[in-house]
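Take a look at the structure set out below.
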2 protein chains.
Amino acid sequence: MARPLYRQIADDLRGQIEAGQLPPGARLATEDEFRTRYNASRNTIRDAIKWLAVQGLVETRPGQGTFVAVKLEPVVVNLGAAVDNGAAALPIAEVPASPRMESSIPSVEIQSAAAPVAAELRLPEGETVVSRHQRQFIDSTPWSLQTTFYPMDLVRRGASRLLAAEVIAEGTVQYLRDTLNVTQVGWRDKLTIRPADANEIAFFSLPPDGRVGIAEVFRTAYDQAGAPMRLTVSVFPADRNSFVISTGAVPGLALESPAPRSPDPVGGQGPADRTPAIFALER
Amino acid sequence: MARPLYRQIADDLRGQIEAGQLPPGARLATEDEFRTRYNASRNTIRDAIKWLAVQGLVETRPGQGTFVAVKLEPVVVNLGAAVDNGAAALPIAEVPASPRMESSIPSVEIQSAAAPVAAELRLPEGETVVSRHQRQFIDSTPWSLQTTFYPMDLVRRGASRLLAAEVIAEGTVQYLRDTLNVTQVGWRDKLTIRPADANEIAFFSLPPDGRVGIAEVFRTAYDQAGAPMRLTVSVFPADRNSFVISTGAVPGLALESPAPRSPDPVGGQGPADRTPAIFALER
DNA sequence: GGGTATTTGTCCGTATGTATT
DNA sequence: AAATACATACGGACAAATACC
C-alpha cells in the first residue's frame, strides 16, 4: 500500500479545492456519493474528510453536508510602537471607522497570582493581584478575551479605582500616573500559540475539536523605575487575526507617504491600557 | 446520549493528564487495555485518543503505544526594535551562547512575483524578483525556513551579488547601502498563523495530519525613500516558538537594569538581513 | 539477520442516533 | 412526518511499525 486509501482520496479532494474546482463555501458530494465514486467504504470516506477537516480545509455540518471552508479575512492587530505612541500620532488611515470594537464592562477579581503572572510582575507566587477582565467584540462578534493584572500594592498606595468594576475613562495608564506618579515607559509583548481551552471554544464559537489555536499575547508594562506595573493577557483565535509590528520609519498602510516617525521617548499616553492593541481590517 | 462515549473517555483521560497522574512522556494503556477498562469497542477508544491527539495532548507511535505529549520549550523570537537596533546595543543576556543557530547556504532563484510578494514590494504582479532561500537550524534541529525577495531592479542597478548563491558576509542591508546608497530605515512585521503545507511538515518533522500550525512572519523593509526594498518571509512551527516585541524602555531579560534605550534613529546596521530574528531560549 | 509478539494503522461492514431540511 | 446527511458505536480482518529474543 503506497499511500493509504483515505489519504489518496483526501489528496484528490484537496487538489480539487486548491485548483478552485471546489470554491470556498461549496458543498462537497455526500459520503454516499463519494462511496461509489471512489469505490471505498463509508468509513474510509469519513477518514479522508476528517483528515481535511483537521487541517481546516473543509467543515462538516450534520444534516447538511460537507463544505469547503471559507477563509476568514484576518483582523490586523497592531503590536509595538505605532500603537501606543499616542493616538494623535497615528495616521488616521490605520484606524478605519467601519469595524467597531466594543468592550464589556470589566469584571474585577482579587486573586492570588499564578506562576506565570507572578513571574511577569516579579512578585512571589501567590501574592495578591487585581485582575480586570473584559470581553471584546468587533461588530458584535467575539474577538478577544483580555485580562489585566495589577499588583495589589498599587491599590494599597491609593489607586483604589482599580477595584471598581467599570471602565476607567482616562485609561489606567493615565490614572496611575495622576494618582501615584507611576509612569509607563515601555512594555514587552510576548506572543505564543497554544490550543484553545473549553472557555475559549465556547466564547469564540470555535470548532469543538480544538484544532483552531489561540494566540496569547502577554503585555508586560514597566514604569519609570523599571518595575513591571501591569500584565495584560489577550487571547485571539489564531485563524482570523494577524499581528503587525512596525519598527523605525514605515510608510502608513494607506497611500500617502507620512513623515518618518520622530523618535520621541515613548510615553504612556493614549488608550494603551484599555485596549492593548488597536486594530485595523485589511484588504 | 448526553455526551458521546468517546468524548467521555477522552475527558476522563484528559483529566488524568491535567491532574498529573499521567505526566508528560508517560505511556498510556494500550487500546486493548482501554477496551476492557471502559467497556467500549476498539474504534471508540481510538476515537477518544484521536480527539486528544488533534488537541496535541497525546501522540501515538505505531508499534509502541500512546504517550502524553511533552510540551516543547519555546524558542523566543525577537521582533521589533530590540533586534535590529544594532547588535552592539543588545544586552548580552539576550543572546545566550548555548543554542547555536546555523543557516544553510542560500539558494537563489529568479522568480515572477506572486500576488502577496508583489503587494508587499509594491510591484505589478508577475514582475521579476530575486528570491534567496535559507533553512535555519538550532543545534542541528530544523527551526525555520526563510525566503527573502528583492526587486530585480536592485540587481539591474548594480547589486549583482544578490544573485550569488552564497552568504553576503557584511549583510545585505550593509551591501545595498554601500553599493546603491539604498538605506534601510524601518520595517514592518506581519505575523499570521496558518496550516502547515507538505514541505513544512517534512522539513520540521511535524505530525503529518497538519494539526501543528505555522507562524509566518512577513518582514517588509523600507528604504529612505519610503519604498519597500525587500520582503523576508520566515516560517516557524507555532508549537515551539514565542515572539516578543519590546517597545520603549524595557528592562532586559536578565537581572541587571539596563539604561533606558536611547531613541536613536534606527539604521540598517546589524545582521538584520541575514536573520530576521535574533533568538533566545527561555526558562 | 530473522522471527515473533505487541501495538497502532487501515479498511471494511452494519446498525442506530441526531441534526437539518 | 419523512427524507437526507453526518455522528456515534460496534464488530472483524489484515497491514505496518516497533521491540525483543
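Chain A is the first sequence line, chain B the second, and so forth, proteins listed ahead of strands; every chain is numbered from 1.
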Quickly work out the Asn43(A) CG to dT14(C) C1' distance and round it to whole Å. 10 Å

Determine whether the aromatic ring centres of Phe236(B) and Phe243(B) lie less than 6.0 Å apart. yes

For the pair made of OH in Tyr6(A) and P in dA16(D), what is the distance, rounded to whole Å? 14 Å

Can you see if the side chain of Thr30(A) gets near the phosphate of dT4(D) - specifically, an N or O under 4.0 Å from OP1 or OP2? no

Please determine whether a side-chain nitrogen or oxygen atom of Thr60(B) lies at a distance below 4.0 Å from atom OP1 or OP2 of dG9(C). yes

Could you check how far CG of Asp32(A) sits from P of dT14(C), rounded to whole Å? 12 Å

Name the residue closer to the 5' end of DNA chain C, choosing between Gln64(A) and Thr66(B) according to the nucleotide with the nearest heavy atom. Thr66(B)

Side chain of Leu5(B) - closest among dA9(D), dC11(C), dC6(D): dA9(D)

Partner of dA1(D) under the Watson-Crick or G-U wobble criteria, both distances under 3.5 Å, comes out as none

Write down the distance between NZ (Lys50(A)) and P (dC11(C)), rounded to a whole number of angstrom. 14 Å

In whole angstroms, how far is the C1' atom of dT8(D) from the CD1 atom of Ile49(B)? 17 Å

Between dG9(C) (P) and Arg61(B) (CZ): distance, integer Å: 11 Å

On the ring face of Phe149(B), is Arg230(B) found with NZ or CZ under 6.0 Å from the centre and within 45° of the axis? no

Of the listed dA19(C), dG13(C), dA5(D), the closest approach to the Arg27(A) side chain comes from dA5(D)

Which one, dA13(D), dT8(D), dC12(C), comes nearest to the side chain of Arg42(A)? dT8(D)

For the side chain of Thr44(B), counting heavy atoms from C-beta on, which of dC10(D), dC12(C), dG9(C) is nearest? dC10(D)

Is there a donor in the side chain of Thr147(A) and an acceptor in the side chain of His133(A), or the other way round, less than 3.5 Å apart? yes

If I take atom OH in residue Tyr38(B) and atom P in nucleotide dT8(D), what distance separates them, rounded to the nearest angstrom? 18 Å

Any donor-acceptor pair under 3.5 Å linking the side chain of Glu33(A) with the backbone of Thr30(A)? yes

Expressed as a whole number of angstroms, how long is the span from Glu31(A):CD to dC12(C):P? 14 Å

When the nearest nucleotide of DNA chain C is assigned to Asn39(A) and to Glu33(B) on a heavy-atom basis, which residue is associated with the more 5' position? Glu33(B)

Could you point out which residue of Asn43(B), Asn39(B), Thr44(B) forms a side-chain hydrogen bond (donor to acceptor under 3.5 Å, both in side chains) with Ser41(B)? Thr44(B)

